[in-house]
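For reference, the structure discussed in these notes is given below.
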Amino acid sequence: MMAVAKQPDAGELLRRSILHRLDISKWLSDTTGIKLDGWQKNVVMDKHRRVGVVAPRQAGKSFTVGSLLAHTALFGKDPMGGCTTSIIV
């Protein structure tokens, strides 16, 4: 017999949605199972408009920026809402 997963209630979905909006690394680990390194968390949580990263090849720079772009596209730049974000690729 197949087990049926319990669906989260509305309060749990709201709590998770707020948490994911505020914490990019939590959103990423919950949706993809990928945990960010410390420097990657610093980059995605930085509030400055421009951030410089010095890292070796294959360190995850493109993945980090792509994750930040995906989160911005889904949730917006301002955690409390009220901004318009344009992403040009």
Side-chain angles (χ1 to χ4, degrees):
M1 180 173 245
M2 198 161 114
V4 178
K6 182 182 174 192
Q7 295 294 322
D9 64 352
E12 173 62 20
L13 290 174
L14 179 62
R15 185 192 70 75
R16 194 178 305 163
S17 177
I18 292 170
L19 180 62
H20 287 168
R21 177 179 277 259
L22 297 174
D23 188 348
I24 298 173
S25 62
K26 178 68 174 154
W27 166 74
L28 193 62
S29 68
D30 285 353
T31 56
T32 66
I34 297 172
K35 304 234 185 274
L36 295 177
D37 289 338
W39 72 267
Q40 291 172 311
K41 288 180 186 177
N42 290 340
V43 169
V44 298
M45 298 304 285
D46 197 296
K47 300 300 179 201
H48 292 93
R49 289 180 55 121
R50 295 180 183 191
V51 177
V53 176
V54 178
R57 295 181 59 209
Q58 302 295 315
K61 297 179 296 288
S62 296
F63 177 79
T64 303
V65 172
S67 300
L68 181 58
L69 287 172
H71 187 271
T72 302
L74 289 172
F75 295 105
K77 188 168 180 95
D78 182 359
M80 302 314 282
C83 79
T84 301
T85 302
S86 299
I87 299 174
I88 301 170
V89 179

According to a hydrophobic-cluster definition based on side-chain heavy atoms being under 4.5 Å apart (Ile, Leu, Val, Met, Phe, Trp, Tyr only), do [X] and [Y] belong together?
X	Y	result
Val51	Val65	no
Val43	Ile34	no
Val44	Trp39	no
Leu68	Val53	no

- Counting heavy atoms not belonging to Gln7, are there more than 12 under 6.0 Å from its CD? no
From [X] atom [atom1] to [Y] atom [atom2], the distance as rounded to the nearest 0.5 Å:
X	Y	atom1	atom2	value
Thr64	Lys41	OG1	NZ	12.0 Å
Asp30	Leu19	CG	CG	7.0 Å
His20	Leu74	NE2	CG	11.5 Å

Short question: side chain of [X], backbone of [Y] - any donor-acceptor pair under 3.5 Å?
X	Y	answer
Ser67	Phe63	yes
Ser29	Lys26	yes
Lys61	Val54	no
His71	Ser25	no

- Smallest separation among heavy atoms of Leu22 and Met45, with atom names: O-CE, 3.6 Å
- Query: If every non-hydrogen atom of Trp27 is compared with every non-hydrogen atom of Ala70, which pair is closest and at what distance?
  - Reply: CH2-CB, 3.9 Å
